[in-house]
Amino acid sequence: MNRRKFFRNGSLFTLGTTLLNPISGSANTFSQAIGNKNKKAKNIIIVVSDGMSIGTLNMTDLYLSRKTGNGTNWLQLYKDNRVKRSLMDMASASSIVTDSAAASSSWGGGVRINNGALNVSENGEEHLPIWQKFKAVGKKAGCVTTVPITHATPAGFCINSKSRNEQETIAEKYLDLKFDVMMGGGNKYFSSESRKDKKDMYKAFTANGFEVVQSKKEMFNATTDKPIIGVFDEEGLPYSIDRENDKELHEKIPTLAEMTKKAIDSMKDHAEGFVLQVEAGKVDWAAHGNDISGLIYDQVAHDEAVKVAMDFAEKDEETLVIITTDHGNANPGVIYGKYANKNFDTIQNYKHTNDWVLNGVTKTTSAATLKERINYANNISITNEEAKLLLNYYTDLSSEEGLYNPKHLPFNALASIQKQYNSVGWISMQHSADYVELAMYGPGSNLLQPFIKNTDLHYLMLEAAEVENKF
Ligand SMILES: [Zn+2]
């Protein structure tokens, strides 16, 4: 594909915008502030919080500010005017409300496809995923996530599949395509005990020259001269707050920031550069469950990964850092009221997620025990009536549906009760059509316009790295 066509495909990029830029008088200072914006990006790190409504970012910033005096690293970049910022329209081919597979595919393949698919259009046409494009020009490529590594967001940068649900096959595709660092959860898609075909994917990866790691210690010790596959839990990794308050999990499971650091260290010395996707996947799961401490503490974990990426990029000066989310979810927020401040601050005393609370309850749990459990997890005293209402869901009198809620636990009912104590409300338990936050630092960030389509990000990444779209 020639240069002209390349630019035409990236529909929002117009040559000469810098000449028309009204702040070009201060271009020098601005250029330094966002880190050599006109240079070529040798490396790209994209840090995605999955399903992050603006209220999630906002509440996490408020939570940290009120607790520590400092807000999020993400918003600090805005406060210091160190990034280019945009809104991005994430619609899929089939809906204004995208799912994670179509969202990641829009960035990964540069084409809007239907919800549920990965880089395959309705007519069967396949779109080459961007991490394969970067591998083809000699770069290393990887993904780290807190959900299964075979899940939609990493998969959308790496492979083609008619369905996002083919996670066992996706694990095999990662092996065939030899991505350099792939780490997250999803043991059930790799283990011979749980796979339908009984194939031991770990053996297959080892036989093909990979280092297989299954604990934080193994990850830290892994050599950096082999590709790494890291799988640390059965399905998603534990929520950050549950991990922090459980010694065993704390020892076994790395944080998103730790995985990010390892992935960068493993790929940074490669002469042709590297590309890395970092996903805080359980922010989305927490939003589906209206699970406030799951949401805020996992957004903090995303923010710590942002810091790892930024610390590297500031020194390196050849790395484009992209910080974003793939769609809104459940659109939470702190609601006006006399006790809003005090109520919101109670979240600082939470020890566990609602996921932890509800999974520890059975049909035989008494109201008193449930009240104690919630008091331990949230430091609040719910009423007997509230406890009884929740317990009804365990005796088949009621049941809740919901993505990532296979046991039909009363997530919505618990969030409604908590709202009186923490002043946090939610509009739903599903994705929303929000235009999403997008921030960029480093070489190539000058290409970002104030409002873009999701597919434009695909072409921006190629253009920033000066990789011609000849595929
Ligand atoms: Zn998503």
Side-chain angles (χ1 to χ4, degrees), residues 46-57 60 74 87-109 111-119 129-131 143-159 161 163-167 170 184-186 235-237 239 256 277-291 294-296 298-299 301-303 305-306 322-332 355 402-405 426-438 453-455 457-458:
I46 175 168
V47 195
V48 182
S49 176
D50 200 296
M52 187 204 75
S53 302
I54 190 68
T56 302
L57 179 60
T60 305
W74 185 341
L87 283 177
M88 178 163 48
D89 176 354
M90 291 301 301
S92 70
S94 54
S95 175
I96 52 172
V97 186
T98 190
D99 82 327
S100 298
S104 185
S105 299
S106 70
W107 303 333
V111 177
R112 284 182 171 172
I113 58 162
N114 289 351
N115 288 350
L118 289 161
N119 296 308
I130 192 157
W131 271 198
C143 298
V144 298
T145 181
T146 51
V147 295
I149 187 58
T150 47
H151 214 254
T153 305
F157 274 40
C158 295
I159 57 96
S161 176
S163 167
R164 61 181 285 177
N165 300 326
E166 304 293 326
Q167 293 193 67
I170 291 169
E235 184 76 46
L237 304 188
Y239 283 111
L256 188 62
Q277 184 204 73
V278 176
E279 188 208 14
K282 286 198 76 171
V283 169
D284 183 64
W285 295 21
H288 280 297
N290 287 185
D291 194 334
L295 189 86
I296 286 184
D298 270 54
Q299 185 63 33
H302 171 270
D303 202 59
V306 166
I322 304 170
I323 310 164
T324 192
T325 176
D326 58 345
H327 47 79
N329 189 341
N331 292 43
D355 186 71
L403 211 55
Y404 311 118
N405 186 15
W426 311 73
I427 64 161
S428 80
M429 302 186 91
Q430 256 301 355
H431 293 186
S432 63
D434 294 5
Y435 298 141
V436 302
E437 279 291 323
L438 169 62
K453 271 172 75 176
N454 45 5
T455 47
L457 186 56
H458 178 88

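Predicted, not measured: the structure shown is a model, and the values here were computed from it. Numbering of ligands and ligand atoms starts at 1, following listing order. Values below: all heavy atoms of this structure, side chains included; hydrogens, waters and symmetry mates excluded.
- Contacts of A301 classified as side chain to side chain contact (heavy atoms under 4.5 Å, CB included), with partners at least two apart in sequence or in another chain: S240.
- Annotation: W426 is not in aromatic contact with H288 [ring centroid separation under 6.0 Å not met].
- Exactly one residue among S100, S106, S49, S104 makes a side-chain hydrogen bond (donor to acceptor under 3.5 Å, both in side chains) with D326. That residue is S100.
- The Zn ion (ligand 1) forms the vertex of an angle spanning OD2 of D50 and OG of S100; to the nearest 10 degrees it equals 90°.
- No other N/O/S atom of D326 lies as close to the Zn ion (ligand 1) as OD2 does.
- With 2.8 Å as the limit, H327 counts as an N, O or S neighbour of the Zn ion (ligand 1).
- Listed by chain and residue number, nothing satisfies the side chain to side chain donor-acceptor pair (under 3.5 Å) test with W131 (two or more places apart in sequence, or in another chain).
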